Amino acid sequence: ALQLAAQRKWKIELADAHAAFLQGNHSETDRSIYCFAVPELANALGVAHHRIVQVHKACYGLVNAPKEWWRSVTDRFQEAGLEALRTDQCVWIGKDGNGETCAVICGHVDDFLIVGDAGSQFHNQYRKRVWDSFRWSPWKEKEFTMTGIDVCQLADYSIVLSQNKYLDTVEEIRVGRDRPKDAKAHPGEVTALRAVTGALQWKATQTGPQLAATLSLLQSETAEATVETLHKANKFLRLAKLQGHQGIRLHHFPGLKAEDLIQAQWTDGALGNRPKGGSTGGYICGITTPDLEQGRTAPVSLIGWSSQKLDRVCRSSLAAEVQSCGNAEDFLWFCRLSWSEMLGRPSNRAHYLDSLKQTKAMLIVDAKSMYDAMGNESSGVGMKEKRTGYEMQMIKESAKKSGLDVRWVKSDARLADALTKDGGKLQKFFAMGSAWRIACDATMLSAKRRKALGIHDPLENQDALNSSDDASEPEK
């Protein structure tokens with residue numbers, strides 16, 4: 001929604017429903033739920049303290065309260081003429097007289113992100129109906145904090161997401177100086193380790209993709225943590241605080257319509273780099289311009305990423321690459337369909353493939369053997385690893401049906417490398433002004449071979465946005 005707002009120069013607002021659950025429907029009346037009125041409730045109702053009262057609404061504390069609140073919101077928004085997306089039932093869109101999307105609302109419990117065309121009478125009508133649906137705290141616009149994330153719309157309509165001060169209050173784990181590195185961590189230290197990694201998790205998943213791989217690998221050591229693990233966590237926390245100023249920039253791409261933008265998904269797999277032989281899969285997805293697919297440097301708005309342990313034990317590097325690629329293609333499928341829905345395209349069973357094809361996308365890999373196999377007519381049954389071959393075939397068929405363009409790049413140009421090992425590639429990405437390039441190489445030489453031949457990295461001499469355009473110091 002924010003990327004759509006940035007591209008169409010829309011207004012962004014934050015709405016907070018006041019005492020949200022108490023504004024819901026009377027969903028509990030028929031359930032005959034009773035309780036003793038606490039003093040605050042008794043005073044509000046004007047009854048004697050600890051008198052038995054009946055609960056009519058799904059108030060805070062009932063396990064079904066969030067679901068009933070969502071139902072209440074859905075009912076009111078439908079009455080206002082808004083439509084919920086099939087891909088995400090907590091996102092609603094409003095259309096103008098021509099059937100074009102002019103408003104998008106995203107809900108997170110009682111917080112609502114509202115974006116739309118302030119010059120559209122249809123958007124303003126939707127906005128007023130939403131305002132009349134509930135009691136709200138004062139709405140904020142252009143710059144606000146939502147779910148712990150600072151949102152700022154800049155003068156060029158691009159949007160920066162950051163968490164500059166989020167980690168400031170997170171304390172390091174106290175570890176005795178004289179303890180050997182291989183000593184087992186005490187239960188209290190393990191608890192402190194979980195607290196530190198838990199705090200870092202929110203940063204890594206929301207605005208810090210460069211932290212995701214290191215954090216994921218660190219979390220895999222928690223069950224059998226040692227003093228060395230605690231020192232790793234403290235060192236990583238210090239690094240994360242130093243990089244706290246870095247944020248995610250959602251670009252405004254001048255001269256293009258939202259419908260012209262494409263999606264790019266980089267994927268990578270790392271074999272056996274976790275305790276007990278586990279492997280890591282990572283991907284990173286962005287919205288960008290057609291310049292990227294033409295081999296030119298282009299700004300990229302990151303919209304999703306993941307670094308996690310692969311579900312199945314991998315017998316080879318190819319198996320890890322294929323399993324990670326399957327996860328990446330699945331996420332890209334979801335992103336493409338969500339974007340199509342947000343643009344007002346149909347997403348029902350009969351038309352969703354057409355909508356997918358209208359959102360051009362690239363799946364970018366560096367495993368040459370996988371790329372070659374996906375480009376030929378072989379079913380993969382001739383491979384030694386039958387399950388890997390079968391999964392590769394499914395990816396290939398899905399890509400063909402949805403019009404997905406599969407590209408190969410050398411490992412040095414693989415952005416997803418930062419999601420399985422360390423965040424080095426992403427530091428270069430941020431230094432380039434949140435931009436990247438797919439280096440076109442007709443010879444398809446590997447990075448190792450290129451270095452042996454003395455061929456330079458094209459990203460070293462790119463003509464992209466310079467580092468002064470970093471999202472860390474936006475011009476408001």
Side-chain angles (χ1 to χ4, degrees), residues 209 212-213 262-271 273 279-286 288 292-295 298 300 302-308 310 312 314-336 360-378 380 383 385 387-421 424-426 429 436-450 457-459:
I262 68 172
Q263 295 186 14
Q265 177 86 304
W266 290 264
T267 175
D268 184 36
L271 176 66
N273 66 339
S279 300
T280 303
Y283 59 76
I284 188 164
C285 185
T288 183
L292 189 73
E293 63 178 345
Q294 299 301 322
V300 181
L302 300 183
I303 59 173
W305 55 85
S306 173
S307 177
Q308 61 183 9
L310 293 175
R312 298 195 308 274
C314 299
R315 295 164 51 191
S316 66
S317 297
L318 178 60
E321 294 281 3
V322 171
Q323 194 175 156
S324 179
C325 186
N327 295 338
E329 191 275 335
D330 184 71
F331 181 76
L332 181 58
W333 181 94
F334 171 79
C335 290
R336 294 171 71 192
K360 295 185 65 176
M362 294 183 293
L363 181 64
I364 305 162
V365 304
D366 82 317
K368 186 67 164 56
S369 56
M370 178 173 67
Y371 176 79
D372 290 340
M374 292 179 66
N376 60 41
E377 298 299 323
S378 172
M383 298 176 59
E385 298 182 62
R387 182 176 295 184
T388 297
Y390 185 68
E391 187 165 9
M392 191 185 304
Q393 181 69 14
M394 289 191 294
I395 297 171
K396 182 167 64 174
E397 290 182 3
S398 178
K400 184 177 180 181
K401 287 180 180 179
S402 65
L404 178 61
D405 183 13
V406 181
R407 296 288 189 92
W408 175 87
V409 296
K410 61 189 181 66
S411 58
D412 279 358
R414 176 188 54 202
L415 195 57
D417 189 63
L419 276 301
T420 57
K421 300 170 184 67
K425 292 286 196 311
L426 280 166
F429 170 83
W436 203 247
R437 176 183 175 186
I438 299 177
C440 297
D441 182 6
T443 63
M444 302 192 78
L445 292 175
S446 67
K448 185 176 180 180
R449 182 61 176 160
R450 291 174 68 89
D457 181 356
L459 288 173

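Atom set for the values below is all heavy atoms of this structure, side chains included, hydrogens, waters and symmetry mates excluded. The model shown is predicted, which means the values in this text are computed figures rather than measured ones.
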Open item on the list: Please evaluate residues Ile262 and Glu293 with respect to the criterion side chain to side chain contact (heavy atoms under 4.5 Å, CB included), reporting the C-alpha separation (whole Å), side-chain torsions for both, the decisive distance (0.1 Å), and the verdict.
Closed with: CA-CA 9 Å; Ile262 68 172; Glu293 63 178 345; 4.3 Å; yes
Task: Distance-only donor-acceptor check, side chains Thr280 and Gln308, under 3.5 Å - done: no
If you measure from [atom1] on [X] to [atom2] on [Y], what distance do you get to the nearest 0.5 Å?
{"X": "Asp268", "Y": "Asp417", "atom1": "CG", "atom2": "CG", "value": "5.5 Å"}
{"X": "Leu419", "Y": "Ser324", "atom1": "CG", "atom2": "OG", "value": "8.5 Å"}
{"X": "Cys314", "Y": "Leu271", "atom1": "SG", "atom2": "CG", "value": "6.5 Å"}
{"X": "Asn273", "Y": "Ser279", "atom1": "CG", "atom2": "OG", "value": "6.5 Å"}
{"X": "Ile284", "Y": "Trp436", "atom1": "CD1", "atom2": "CH2", "value": "10.0 Å"}

Donor-acceptor contact present, side-chain [X] to main-chain [Y], <3.5 Å:
{"X": "Gln265", "Y": "Leu363", "value": "no"}
{"X": "Ser307", "Y": "Thr420", "value": "no"}
{"X": "Glu321", "Y": "Gly269", "value": "yes"}
{"X": "Arg437", "Y": "Gly295", "value": "yes"}
{"X": "Trp408", "Y": "Asp366", "value": "yes"}
{"X": "Arg407", "Y": "Ile438", "value": "no"}

Could you work out, with side-chain contact (heavy atoms from CB on, under 4.5 Å) as the rule, every residue matching [X], not counting sequence neighbours?
{"X": "Arg312", "result": "Gln323, Arg387, Glu391"}
{"X": "Ser402", "result": "Arg336, Leu356, Leu404"}
{"X": "Ser369", "result": "Leu318"}

Output all residues satisfying side chain to side chain donor-acceptor pair (under 3.5 Å) with [X], sequence neighbours left out; order by chain, then residue number.
{"X": "Asp330", "answer": "none"}
{"X": "Thr288", "answer": "none"}
{"X": "Ser306", "answer": "none"}
{"X": "Asn327", "answer": "none"}

Nearest atoms (heavy-atom pairs only) where [X] meets [Y]:
{"X": "Leu332", "Y": "Cys285", "result": "CD1-SG, 3.9 Å"}
{"X": "Ala264", "Y": "Leu292", "result": "CB-CD2, 3.8 Å"}
{"X": "Leu310", "Y": "Ala320", "result": "CD1-O, 3.7 Å"}
{"X": "Val365", "Y": "Cys325", "result": "CG1-SG, 4.2 Å"}
{"X": "Val300", "Y": "Gly286", "result": "CG1-CA, 3.8 Å"}
{"X": "Met392", "Y": "Ala373", "result": "SD-CB, 3.1 Å"}

- [ ] Please lay out, stage by stage, how Glu385 and Arg315 fare under the test side chain to side chain contact (heavy atoms under 4.5 Å, CB included).
- [x] CA-CA 8 Å; Glu385 298 182 62; Arg315 295 164 51 191; 3.6 Å; yes
- [ ] Show the numbers, then the answer: is there a side chain to side chain contact (heavy atoms under 4.5 Å, CB included) between Tyr283 and Trp266?
- [x] CA-CA 5 Å; Tyr283 59 76; Trp266 290 264; over 6 Å; no
- [ ] Evaluate the side chain to side chain contact (heavy atoms under 4.5 Å, CB included) criterion for residues Glu397 and Lys400: first the C-alpha distance (whole Å), next the side-chain angles of each, then the deciding distance (0.1 Å), finally the verdict.
- [x] CA-CA 5 Å; Glu397 290 182 3; Lys400 184 177 180 181; 5.7 Å; no
